[in-house]
Amino acid sequence: MVSGRNMATAAEHGHNSWELSIQVDQREGDEGMKFKLRVKGDLHIGGLMLKLVEKIRALGLYSKTMTPTYDPDSGSPASSTSLWFGENPLTACQPNLPPEELAKLFKPLTMEDKAAINAGWLDSSRSLMEQGIQENDRLLLRFKYHCFFDLNPKYDAVRITQLYEQARWAILLEEIECTEEEMLMFASLQYHICKLTLSTEPLTNSNEPEIDEVEAALSNLESTLEGRNTNSAFINCLFISLLYRPKRLTLKPYKEYWFVFRDTTISYYKSKESANKEPIEQLHLRGCEVIPDVNVTEKKFGLKLLLPAADGMNEVYVRCDNETQYAKWKAACILASKGKTMAYSSYRTEVKNIQSFLQMKSLAPPPGQAAPDVESMEMNAECFVSPRYAKKYKTKQLTTRILEALHNISQLSLMEAKMRFIQAWQSLPEFGIKYYIVRFRGSKKDELLGISYNRLIRIDMSTGLPVTTWRFSNIKQWNVNWEIKQVTIEFDQSVSIAFSCQSCDCKVVHEYIGGYIFLSTRSKDQNETLDEELFHKLTGGQD
């Protein structure tokens, strides 16, 4: 805590200068430090911070400044100046709610319910008062656009914690669907994060050595240069199963083919012996969407590929035999969707990351490991799962399963665990999709429109199945008829759609489309200046 001022005459110390008393509070048990700095009224906050850093040698400390008001005549401070140092409180997680309080917040959500919730976004081009927000009203703050630039634990501790909290509540309240296996994985990560947060030991951001920024840039350059070497590396996998557009809740079997993955395409043949002939079909993966369909416990390793087509997206399902095969194919598909081949040096890293993620999802304890001691869990296990799953298990059973899953993540640091939680959240099929009830031009019934960070999805409201998908990258232009509240979008290859919004103002949908297109124009350069004018141009309304 820093506070206080001692005025001095201009003759003694120069015009309008004063002493700033500073007290730096250390961790519990450590002795704090006090000192004074003489400053002048023309010293800006940045210059003051530099003086403080030089004085206390505390480059990593968080600071907050309360700016004083000044007398308009003399220029002297009319109110005290205060500064405080310490750990940023925004990096701390919110406390867990007791199960009974969590149950009060929980409500099973249909897609229509989600559409009603998503209608509540405020207009970013208007002030709060213009939208009727009063002094004592409560606002829910969330990250609206699910398109995050590279998160660096060294610099982004606050943003990572905020994203973790948003992801955690989305899981606990089942705002996004996940399997039982995934719910227990999320629960074990939450428990691990809670333990580390409450620990009295110093918390480090990562167990890995810090990477110098220059070395990181050289590594990226090396990866780019190696990527230009288009060698003939490819994966041959016997009996990879594939099924086009399977209907939900049907027993239609997978059909086995011989697959060859080369460059950015998949070719499949009737058998290995016919691989030297023309393929049955060749699938081009550039621009595709890769969605996992995995259950480690049941040994199910599948991929859903959404392939660009003239009328939207075609769905292809691929089933792999084991974890290793799945990791290689998923990594290859992800690179191919970006127009890159397996010759890129990042391919092996991607494979390892996928294998690590699969290991984290495994709930089975390693062979020979003793059964976990349920008494060792100091917290109520029901705090870490949604109320629906809490009812499914007895407390002791739930505790056992969470502790069994904990062995895969127990070595993660606090920031690594939060990052793993966010990455697992991002891997869920429903991640980032916002639903709205709309009526398409020429249709007499309401349908659902799903808006993701890279595509629009037309969904049948009665079955919940996707009908058509359109990618933002194929949009040529879009406009809104504000009089009849209709959004019209034109895509490549003369494809055009139009719809009116039934569950929200069309400005909400317009802002989502414009916001995601704006984000797609930005680079990952952290030094890039935000073009606010372009953002408001793309997301603004008729004014």
Exercise. Considering only heavy atoms from C-beta outward, does the side chain of Ile489 approach that of Ile475 to under 4.5 Å?
Worked result: yes
Problem set entry | Evaluation steps, side chain to side chain contact (heavy atoms under 4.5 Å, CB included), between Gln190 and Leu172 | CA-CA 11 Å; Gln190 288 181 72; Leu172 290 176; 3.9 Å; yes
Problem set entry | Check: Tyr516 ring centre within less than 6.0 Å of Tyr145 ring centre | yes
For this session: Examine Arg455 relative to Phe472 and say whether NZ or CZ is less than 6.0 Å from the centre of the six-membered ring and inside a 45° cone about the ring axis.
Result: no
Exercise. Does Arg126 offer a backbone N or O that forms a donor-acceptor pair with the side chain of Gln131 under 3.5 Å?
Worked result: yes
Exercise. So, do Trp258 and Tyr268 have ring centers that fall under 6.0 Å from each other?
Worked result: no
Exercise. Is the Lys NZ or Arg CZ of Lys270 less than 6.0 Å from the centre of Tyr257's six-membered ring, within 45° of the axis?
Worked result: no
Problem set entry | Check against side chain to side chain contact (heavy atoms under 4.5 Å, CB included), Gln355 and Glu323 | CA-CA 7 Å; Gln355 290 175 326; Glu323 293 184 25; 6.0 Å; no
Problem set entry | Closest non-hydrogen atom pair, Ala331 against Ile354 | N-CD1, 3.6 Å
Exercise. Of Glu112, Glu447, Lys445, which meets side chain to side chain contact (heavy atoms under 4.5 Å, CB included) against Met461?
Worked result: Glu112
Exercise. Checking side chain to side chain contact (heavy atoms under 4.5 Å, CB included) for the pair Glu174/Phe106: CA distance, chi angles, key distance, verdict?
Worked result: CA-CA 8 Å; Glu174 293 193 31; Phe106 175 73; 3.8 Å; yes
Problem set entry | Contact summary for Val294 and Phe301, nearest pair of heavy atoms | CG1-CD2, 4.1 Å
For this session: Please test Tyr435 against Ile117 for side chain to side chain contact (heavy atoms under 4.5 Å, CB included), starting from the C-alpha separation and ending with a verdict.
Result: CA-CA 9 Å; Tyr435 299 101; Ile117 293 174; over 6 Å; no
Exercise. Can you tell me if Glu181 uses its side chain to pair, donor with acceptor, with the backbone of Val296 under 3.5 Å?
Worked result: yes
Problem set entry | Side chain proximity check, Cys383 to Leu97, heavy atoms < 4.5 angstrom | no
Problem set entry | N/O donor-acceptor pair under 3.5 Å between Glu416 side chain and Ser413 backbone | yes
